[in-house]
Asks: 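Right, I'll just put the structure down here and ask away after.
FYI, the numbering just counts along the sequence from 1. Everything numeric in this text was worked out from a predicted model, so none of it was measured.
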Amino acid sequence: MVYFIYGWEWRGDPLQCTCVTLFFFFLSWLLIKIIFWKPPKLIIREFGQGHSWFGTDFINKPTYCNTCKELFVTGHSCDSCGVYSCSEEHCIDQADKEIACKSLFLSHKKEMKHHWIRGNLPLCRECVTCEEFCGREPKLMDIRCVWCQMVCHDDCNKPTTSCDLGKYQKWILPPTSITLKSLWVKGVRKQVVKDITTPPYPWQPMLVLANRKSGDNLGQSVIQMFRHLLNPAQVVDICSVPPEAALDICKLSPKTQYLILVCGGDGTVGWVLGAIDKMKLQTRPLVCVLPLGTGNDFARSLGWGSGYADEDIEDILWDVSRAKAIEHDRWSVSIRNYGYFGIKRPIKTLIMNCYFSIGCDAAVVLNFHKNREENPSLFKNRILNKAWYLGYGTKDVFESVCHKLNERIAVELDGKAIELPELEGIVLLNIASWSSGCDLWAGSGLEDLPGVQSPSDGLIEVCGLYSSLHVGRLQVGLADPCRLGQAKTVRIVVKSGFVPAQCDGEPWDQSPCIISVSAHTPALIMKRDGDEIS
């Protein structure tokens, strides 16, 4: 019997059966690709198509337009190559057409040449030819290489040698090492990094992951300065691109150890460390911190200071080059909430890098967090944020929402139950900095410590807080905590009622539950060579 399918005569012979089978295999493969397709990880734009302009004010130093050569105060700068333009549209258009931006990638066969930009040079830079200072007159003069940062007078002979990327060579992702590919994403053609080849010299590429919303809006200027010094492809704003997508670039050279510079607060650091866990990289990266948040306890404990205050980025990179890597403990916090009518609820697991607390200090953080979500415009300044914390702490002194917390919880250290005095808070410490720089375990320094605190000893310190007033006295060094002990595992049982809790600054109201704290995979963290707390 012969059938006709859309004008095609079906005979059922082996050839037709094979063709139909192959067609359905192809259709199934295509459907699977469509259903499980994920967008390319790190999408980058082609910088050769124009500059990446960023509008700002230039009050701190004289700045000249690279097009009309006039002095201006309000205008635009390219956050990749450092070209400047006044606010006139024709100057911006002319700069896009006539001045090439920093090339993100080059053919492997091409020689790495200097990329010169005229004027607006850094202060006190010597000419590579005559060794005299450049940019001494109030006008657009002299030139700078956007890769090696070499400067030269207009009248001197420019170097004819190839660009070696300068003193940050080992951290820069060379444009000659990158291979790109084009993909269509949501109807728009995008370019992504396809491959990375290792250059023929000692190399430890830096990947800068910055949170532009941190630090009194200093995050955006930090991103801009690092893009001037490095390849723009290795400087990522994680408010626009998730850290997992940025870290995908590490998989393109799996045997290379990357240096991850996290620019943000304690929450940003935890976000990036969690992303590193998810990526399961073949070679563990080194992680360094540039503090941009409010408390910055993680950075303080490693010697990186209380917060970035518009220092010279080159000074920070000098400190990074001298820093030492340590195995930094991290802890898994498992929360098993009590179910109703015998129904089990899912276990919630958090990763603690700094500290975990339950009680009066978590209540202050929770009040701060709730009000910041309702009125974010009132919490944009680091100093003002600390004033808000002071206000909420004072409020809790009178309210005492966690009065006699010791009667509502039970604590076990390494499986042994401990007797609690009358407390309003419990703090589990992994670092020697808590509540914006307070060394809680050391206290006033007048008492002998039951054990030495270290972020690499596999032990967690457990302290008690008597009240919010006690917290205030601890922060100024006028009191000692209730040191409950050190342990490898901690178990806290919340017997009744809701209790404020927080993990690394992220607060919530905790219902009756069992909280288990145990060791998690440590991280390789860079510790500044110098004082431990600054």
Side-chain angles (χ1 to χ4, degrees), residues 40-54 77-83 99-117 144-150 162-182 190-210 212 220-238 240-241 243 245-253 256-263 285-286 288 290 313-314 316-317 320-321:
K41 291 291 186 180
L42 184 56
I43 299 174
I44 56 176
R45 72 180 188 87
E46 187 176 358
F47 285 84
Q49 295 178 351
H51 294 280
S52 177
W53 296 110
F54 178 73
S77 69
C78 175
D79 70 356
S80 299
C81 65
V83 165
I99 305 175
C101 191
K102 202 171 187 178
S103 297
L104 187 137
F105 69 98
L106 293 172
S107 171
H108 301 298
K109 299 179 181 179
K110 287 186 178 180
E111 180 185 8
M112 184 69 192
K113 296 181 179 180
H114 292 285
H115 185 153
W116 301 104
I117 296 292
R144 169 183 63 91
C145 175
V146 299
W147 286 108
C148 65
Q149 310 305 318
M150 182 185 294
S162 59
C163 180
D164 63 357
L165 303 178
K167 61 182 178 180
Y168 302 121
Q169 180 193 63
K170 74 170 185 176
W171 288 334
I172 294 177
L173 186 59
T176 53
S177 295
I178 298 177
T179 303
L180 298 183
K181 65 178 179 180
S182 297
K190 301 285 186 178
Q191 288 191 313
V192 300
V193 179
K194 178 184 178 182
D195 189 27
I196 294 176
T197 57
T198 303
Y201 50 79
W203 189 53
Q204 186 180 46
M206 177 182 289
L207 184 60
V208 180
L209 304 182
R212 73 169 184 271
Q220 184 62 52
S221 63
V222 167
I223 290 172
Q224 186 174 4
M225 286 185 283
F226 275 113
R227 283 180 175 168
H228 287 178
L229 293 176
L230 308 174
N231 190 324
Q234 59 189 116
V235 183
V236 181
D237 175 14
I238 59 175
S240 303
V241 179
L247 290 166
D248 192 62
I249 201 171
C250 301
K251 290 188 174 181
L252 299 177
S253 47
T256 301
Q257 186 177 48
Y258 278 72
L259 173 60
I260 312 296
L261 180 59
V262 184
C263 306
L286 300 174
C288 195
L290 177 61
I313 288 294
E314 296 200 32
I316 293 171
L317 291 178
V320 172
S321 67

Asks: With a 4.5 Å limit on heavy-atom distance, are the side chains of Ile313 and His228 in contact?
Replies: no
Asks: Which pair of heavy atoms, one from Trp53 and one from Val83, lies closest together, and at what distance?
Replies: CZ3-O, 3.7 Å
Asks: Please enumerate all residues that pass salt bridge (charged side-chain N to carboxylate O under 4.0 Å, His left out) together with Lys113, with sequence neighbours excluded.
Replies: none
Asks: Table please: side-chain donor-acceptor pairs of residues 193-202 below 3.5 Å, with sequence neighbours left out.
Replies:
from	atom 1	to	atom 2	distance (Å)
Thr197	OG1	Ser177	O	3.4

Asks: Looking at every heavy atom in both Ala246 and Leu207, which two are closest together, and how far apart are they?
Replies: O-CD2, 3.7 Å
Asks: With Met206 as reference, evaluate Asn231, Leu259, Val235 under the side chain to side chain contact (heavy atoms under 4.5 Å, CB included) test and give the passing residue.
Replies: Leu259
Asks: How many angstroms lie between CZ in Phe54 and CD in Gln224, if you round to the nearest 0.5 Å?
Replies: 6.0 Å
Asks: With a 4.5 Å cut-off on side-chain heavy atoms, are Ile249 and Val236 touching?
Replies: no
Asks: In the structure I gave you, are the side-chain heavy atoms of Cys78 and Cys101 within less than 4.5 Å of one another anywhere?
Replies: yes
Asks: Below 4.5 Å, heavy atoms only, C-beta onward: do Gln234 and Ile172 meet side chain to side chain?
Replies: yes
Asks: Of all residues at least two apart in sequence or in a different chain, which pass the side chain to side chain contact (heavy atoms under 4.5 Å, CB included) check with Ser240?
Replies: Arg212, Asp237
Asks: For the side chain of Lys102 and the backbone of Val146, is there at least one donor-acceptor N/O pair under 3.5 Å apart?
Replies: yes
Asks: If you measure from CG on Leu180 to CZ on Phe105, what distance do you get to the nearest 0.5 Å?
Replies: 5.0 Å
Asks: Do His51 and Ser80 touch side chain to side chain, with heavy atoms closer than 4.5 Å?
Replies: no
Asks: Please list, chain by chain and in numerical order, all residues satisfying side chain to side chain contact (heavy atoms under 4.5 Å, CB included) with Gln149, sequence neighbours excluded.
Replies: Arg125, Arg144, Leu229
Asks: Do His115 and Cys81 come within less than 4.5 Å of each other through their side chains, counting heavy atoms only?
Replies: no
Asks: How far apart are the closest heavy atoms of Ala100 and Ile117, and which atoms are they?
Replies: O-CD1, 4.2 Å
Asks: Which heavy atom of Val241 sits nearest a heavy atom of Ala245, and at what distance?
Replies: CG1-CB, 3.7 Å
Asks: Below 4.5 Å, heavy atoms only, C-beta onward: do Leu261 and Ile316 meet side chain to side chain?
Replies: no
Asks: Report yes if the side chains of Trp203 and Leu173 come closer than 4.5 Å at any heavy-atom pair, otherwise no.
Replies: yes
Asks: How far apart are the C-alpha atoms of Val208 and Leu290, what are their side-chain angles, what is the distance that settles it, and do they pass the side-chain contact (heavy atoms from CB on, under 4.5 Å) test?
Replies: CA-CA 10 Å; Val208 180; Leu290 177 61; over 6 Å; no
Asks: Any side chain to side chain donor-acceptor pair (under 3.5 Å) involving residues 165-176? Give me the pairs, sequence neighbours left out, ordered by first then second residue.
Replies: Lys167-Glu314, Tyr168-Glu314
Asks: Output all residues satisfying side chain to side chain contact (heavy atoms under 4.5 Å, CB included) with His114, sequence neighbours left out; order by chain, then residue number.
Replies: Trp116, Cys145, Cys148, Met150, Pro159, Thr161, Cys163
